[in-house]
Amino acid sequence: MSEWQRTHTCGDLRPTHIGSPVTLNGWVLAIRGYPKQVFVDFKDRYGVTQVVFEADDAEVFAAAQALGREFCLSVTGEVRARIPGKERADIATGAVELVARSLTVLNACPTLPFEINEFGSELANEDIRLQYRYLDLRRKSLQNVIVLRHRLCKTIRDFLDARGFLEIETPLLGKSTPEGARDYLVPSRVHHGEFYALPQSPQLYKQLLMISGYDKYFQIARCLRDEDLRADRQPEFTQLDVEMSFVEREDILTLMEQLSAEILHTVHGLKVATPFPRLAYADAMVRYGSDKPDLRFGMEITDLTDLAAASEFPIIKSALADGGVVRALVVKGGAAKYSNSQLKPGGELPKVAETFKAKILLNAKATADATPDLLVKYFGDATHGPVRERLGVETGDLVLLIADKESIVADALGALRNHLGAALKLYRNWWDEKAEYDATEEAAAKKERRPAKAFEMKPEHFNFLWVVDFPMFMYDEDEKRHVAIHHPFTSPMDEDFARMESHPGECKAKAYDLVLNGSEVGGGSIRNHRQDVQSTVFKMLGMEADDAKARFGFLLDALQSGAPPHGGIALGLDRWCMILAGTTNIRDVIAFPKNKQARDLMSGAPAAVEPRQLKDLGIKLS
RNA sequence: GGGGAUGUAGCUCAAUUGGUUAGAGCGCCGGACUGUCGAUCCGGAGGUUGCGGGUUCGAGUCCCGUCAUCCUCGCCA
């Protein structure tokens, strides 16, 4: 054993170790120099131990003078009790300290480009932290997330393994199937002019595994999509991919409910109630303006189209004449919370509606002295009463209305509902509550030198919902054809098999989404295991028979070779991690993420390559 | 691809209507301090205000362009 190899971690030492010789390896967190001692807070991912270098040992004392923050060290010495009254209850090793007898600097560290500690000072800009990701990852809170992610994956693997699932790897180099997202392409050196595609998901392979008889499959799979990024989107992301044979929708939903409950229990010690509520897509869109509604708060949307039929108000009249709808949100007690300037065009709320293409956001305050009464103006003398009744308007409420195309009304009111829910604190993210709690509790604990009492999460912080009964197709105005709402391998409902071609807009799919706190955290479907049904779906998506054969011939052939009924789901692991870890930034849950421009700021990827490499590939840049 | 925000010291941020030599905290360097607690006290170094152009007697500040980063809509079967 090398002399520098550790006997314990920086989180291990306790009073029982007093008198023992130990060696610790780790990094310098902080140095406090005195004439007679140097104190070093010594850390690794397990904890922090105070190391003392004493002046009577001239050699180590001199060496300690030269230390800097984030140096990597090996320290050998003796564990001793801290002098009475100097113990610290707030750190695990606080009763003892290590007296250094020898010091090995394993590696020095230059002046830090940013503050690694997240203590007091604000975090540096993300781009500089991404550039030095290896330093940023030394931050305790990032380490916690990385550990949580491991715990999540381990829980999933154990859960599925215990139920007979096999984890099977599928290829990274596959065939481009230009339906849906853009593929990342990989040029073939052996076959000039030909390309592999990196998988957007293992969808086809897992279906083929079902056909091969591996009836319970899962994979924690990397998926790649060459699309523009968002705060919650990376070019490569991870899915828990699951597929089962001889199952129906309920089997998948039940399994995922059990898995979700198991995850919450293992990761956060919470017991969430199952089964999860279910909501039909159509209801979700009308009542919440979203296919992934956040049900931690109410504020449902109310349809007023029928009552608006006689309206003479120009905006409503023209919207209805164009086949549109009129729907409203009631903000309880909102009349006093939103000023007229926040409500007029360009104000806070209309801006939200405008983002989602709504031409105008109508409002009406229900106050005792409201003159003119805008609901009368919008709906007329005869109808404003029934409108008021249906909305349940009370004095002090604010009514927000949009009259427009149905999809616009749903999107805009759905966005407004989310905006209002956040602005009026109708729901709280657990991490926001925790931040408030920590700000007071940790400060108090620090002052009193006691361990901070941990914030307690509740099962109610995690609101699960299934959205089911999605439509099969959606007409794409730009492409002038139907596109699959889920994906083209999804099975229509049994009763819709026969009318896919005659009434595509009315067909529903055996698809389902798992929603957690207003985030889509999973999506799946029962697949087409009959070749004729699959062929019809392709046809409906505008694929000619030979086109379908060229792209998916292997699947169509396989479906005729004893394909069992099958279905599955994919959970967005990164998003799960975000919600469990309490962040809205996907980069916080990935060890080495890309930035918004899909660049790795640390390595510099993507980057130009040697002309020789291009020549090998037969590629000329224009 | 559209909209928005930001860019000033190693880091986080100031700098009045366009007006002296661009400041502070943290970090860094040096010193002090007999047990500290991600210290404290004293001193010091550190800037082509992202880059390029323009307006002006004078630009961190105004204008044009450009680059970078983030947020957002489109997009993401």
Side-chain angles (χ1 to χ4, degrees), chain A residues 27-43 48-56 68-70 82-91 93-94 97 99 110-132 135 140 177-183 200-201 203-204 223-235 237 351-352 354-357 411-412 415 446 449 470 472-474 476 478-479 481-490 509 511 520 523 525 537-538 541 543 570 572 584-585 587 595-597 599 601:
Chain A
W27 291 265
V28 175
L29 173 60
I31 305 168
R32 295 176 292 277
Y34 264 79
K36 294 280 178 75
Q37 300 92 8
V38 172
F39 297 97
V40 169
D41 285 342
F42 200 44
K43 61 158 181 175
V48 180
T49 301
Q50 172 161 284
V51 178
V52 190
F53 299 84
E54 305 226 301
D56 53 14
R69 292 200 300 172
E70 299 300 329
R82 292 201 183 191
I83 63 174
K86 298 293 183 184
E87 303 88 352
R88 285 189 60 171
D90 58 330
I91 58 174
T93 63
E97 62 191 10
V99 192
T111 299
L112 297 169
F114 61 93
E115 291 298 299
I116 290 178
N117 66 60
E118 46 205 332
F119 221 69
S121 62
E122 286 185 31
L123 288 180
N125 275 331
E126 197 179 17
D127 50 348
I128 191 146
R129 288 188 286 117
L130 286 176
Q131 194 184 333
Y132 297 92
L135 292 178
K140 192 68 202 164
T177 55
E179 171 88 7
R182 267 186 286 267
D183 289 320
Q200 298 178 24
S201 88
Q203 180 63 33
L204 289 173
C223 305
L224 299 105
R225 293 178 191 174
D226 190 3
E227 293 290 345
D228 287 352
L229 272 35
R230 285 284 177 78
D232 62 351
R233 229 187 274 162
Q234 282 274 299
F237 59 99
K351 239 178 180 166
V352 175
E354 282 160 25
T355 306
F356 291 86
K357 307 242 165 42
D411 285 355
K446 192 171 156 55
R449 292 266 171 95
F470 281 81
M472 186 73 193
F473 303 108
M474 190 181 67
D476 187 316
D478 296 335
E479 294 194 36
R481 68 178 182 99
H482 285 97
V483 295
I485 292 251
H486 185 55
H487 60 51
F489 316 107
T490 300
E520 183 195 326
S525 63
V537 173
F538 283 153
L541 297 175
M543 247 183 270
T584 52
N585 181 348
R587 296 177 291 274
N595 74 0
K596 177 75 193 312
Q597 321 302 326
R599 220 172 247 296
L601 293 177

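The figures that follow rest on heavy atoms only: side chains count, while hydrogens, waters and symmetry mates do not. Below, chains carry the letters A, B, ... as their sequence lines are ordered, and counting in each starts from 1.
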Using the 3.5 Å cut-off, write out each protein N or O paired with an N or O of nucleotides 39-49 of chain B and the distance between them.
| residue | atom | partner | partner atom | Å |
| --- | --- | --- | --- | --- |
| B:A39 | N6 | A:G33 | O | 3.4 |
| B:A39 | N1 | A:Y34 | OH | 2.8 |

What pairs of nitrogen or oxygen atoms, one from the protein and one from nucleotides 7-13 of chain B, lie under 3.5 Å apart?
| residue | atom | partner | partner atom | Å |
| --- | --- | --- | --- | --- |
| B:G10 | O2' | A:P113 | O | 2.6 |
| B:U12 | OP1 | A:N125 | N | 2.6 |
| B:U12 | OP1 | A:N125 | ND2 | 3.1 |

Within this structure, what is the CG-to-C1' distance between A:D228 and B:C75, rounded to whole angstrom? 7 Å

Presence of salt bridge, A:K36 and A:E54, under 4.0 angstrom: no

In Watson-Crick or G-U wobble terms, with both distances under 3.5 Å, the base opposite B:G74 is none

Using Watson-Crick or G-U wobble geometry with both distances under 3.5 Å, which nucleotide pairs with B:A32? B:U40

Atom P, compared across B:A45 and B:G7: separation rounded to whole Å: 28 Å

Rounding to the closest angstrom, what is the interatomic distance between B:U61 and B:A22 at atom P? 15 Å

Does A:S201 reach a base, just sugar-phosphate, or nothing at all? Heavy atoms under 4.0 Å. base

Less than 4.0 angstrom from a charged side-chain N to a carboxylate O is my criterion; do A:R88 and A:E97 meet it? no

Could you tell me whether the side chains of A:E126 and A:N585 share a donor-acceptor contact shorter than 3.5 Å? yes

Whole Å only: how far is the CG atom of A:L224 from the C1' atom of B:C75? 17 Å

To the nearest angstrom, the CE-C1' distance between A:M474 and B:C76 comes to 12 Å

With rounding to the closest Å, how many angstrom separate the C1' atoms on B:G46 and B:C26? 14 Å

Heavy atoms under 4.0 Å, any strand shown: does A:R129 hit a base, just sugar-phosphate, or nothing? nothing

Qualifying residues under ring pair (Phe, Tyr, Trp, His ring centres under 6.0 Å), relative to A:Y132, sequence neighbours excluded: none

In whole angstroms, how far is the P atom of B:G1 from the CG atom of A:D226? 13 Å

Testing B:U34, B:C76, B:C73 for proximity to the side chain of A:P35, the answer is B:U34

In plain terms, say whether A:R32 and A:D41 are close enough for a salt bridge, that is, a side-chain N and a carboxylate O under 4.0 Å apart. yes

Does the side chain of A:L135 reach to within under 4.5 Å of the side chain of A:L112, using non-hydrogen atoms? yes

With rounding to the nearest 0.5 angstrom, report the CD to OG distance, A:Q203 to A:S525. 6.5 Å

Does A:R69 place a side-chain N or O at less than 4.0 Å from the phosphate oxygens OP1/OP2 of B:C28? yes

Rounded to whole Å, how long is the line connecting atom CD of A:E87 with atom C1' of B:C37? 13 Å

Say we look at B:G31 and B:U12: how far apart would their P atoms be, to the nearest angstrom? 29 Å

Atom-to-atom span, NZ of A:K351 to P of B:G4 - whole angstrom: 10 Å

B:C67 to B:A24 separation - P atoms, rounded to the nearest Å: 36 Å

RNA chain B nearest-nucleotide lookup for A:Q37 and A:G180: closer to the 5′ end is A:Q37

Under a 3.5 Å cut-off for both distances, is B:A5 Watson-Crick or wobble paired, and to whom? B:U69

Shortest non-hydrogen contact between A:R481 and A:L541, atoms and distance: NH1-O, 2.7 Å

The side chain of A:E227 lies closest to which of these nucleotides: B:G74, B:U69, B:C75? B:C75

Compare side-chain N and O positions of A:R599 against OP1 and OP2 of B:C70 and report whether any pair is under 4.0 Å apart. no

With a cut-off of less than 4.0 Å, is there a side-chain N or O of A:Q597 near OP1 or OP2 of B:C67? no

Between B:G27 (C1') and A:I116 (CD1): distance, integer Å: 12 Å

Is any side-chain heavy atom of A:L204 closer than 4.5 Å to one of A:F489? yes

When both distances are under 3.5 Å in a Watson-Crick or G-U wobble arrangement, the nucleotide paired with B:A24 is B:U12

When all nucleic acid strands are considered with a 4.0 Å heavy-atom cut-off, which category describes A:E520: base, sugar-phosphate, or nothing? nothing

Length of the CG-C1' vector between A:L229 and B:U72, whole Å: 14 Å

For nucleotides B:G47 and B:U8, find the distance between their C1' atoms and express it as a whole number of Å. 8 Å

Between B:C41 and B:U34 - C1' atom distance, rounded Å: 16 Å

Spell out yes or no: do the side chain of A:R587 and the base of B:C70 have one donor N/O and one acceptor N/O closer than 3.5 Å? no

Classify the nucleic acid contact of A:Q200 as base, sugar-phosphate or nothing, counting any heavy atom under 4.0 Å across all strands shown. nothing

Inspect the contact between A:E115 and A:R69 and indicate whether a charged nitrogen and a carboxylate oxygen are less than 4.0 angstrom apart. yes

Taking A:G94's backbone N and O only, do any of them form a donor-acceptor pair with A:R82's side chain (distance below 3.5 Å, no angle check)? yes

Set out, in order, the CA-CA distance, both residues' side-chain angles and the distance that settles side-chain contact (heavy atoms from CB on, under 4.5 Å) for A:F53 and A:Q37, then state yes or no. CA-CA 6 Å; A:F53 299 84; A:Q37 300 92 8; over 6 Å; no

Pairwise 5' ranking along RNA chain B for A:V483 and A:G85, keeping only the more 5' one: A:G85

Distance between the P atoms of B:U69 and B:C11, in whole angstroms? 16 Å

Can you find a side chain N or O atom of A:R225 that sits less than 4.0 Å from OP1 or OP2 on B:C75? no

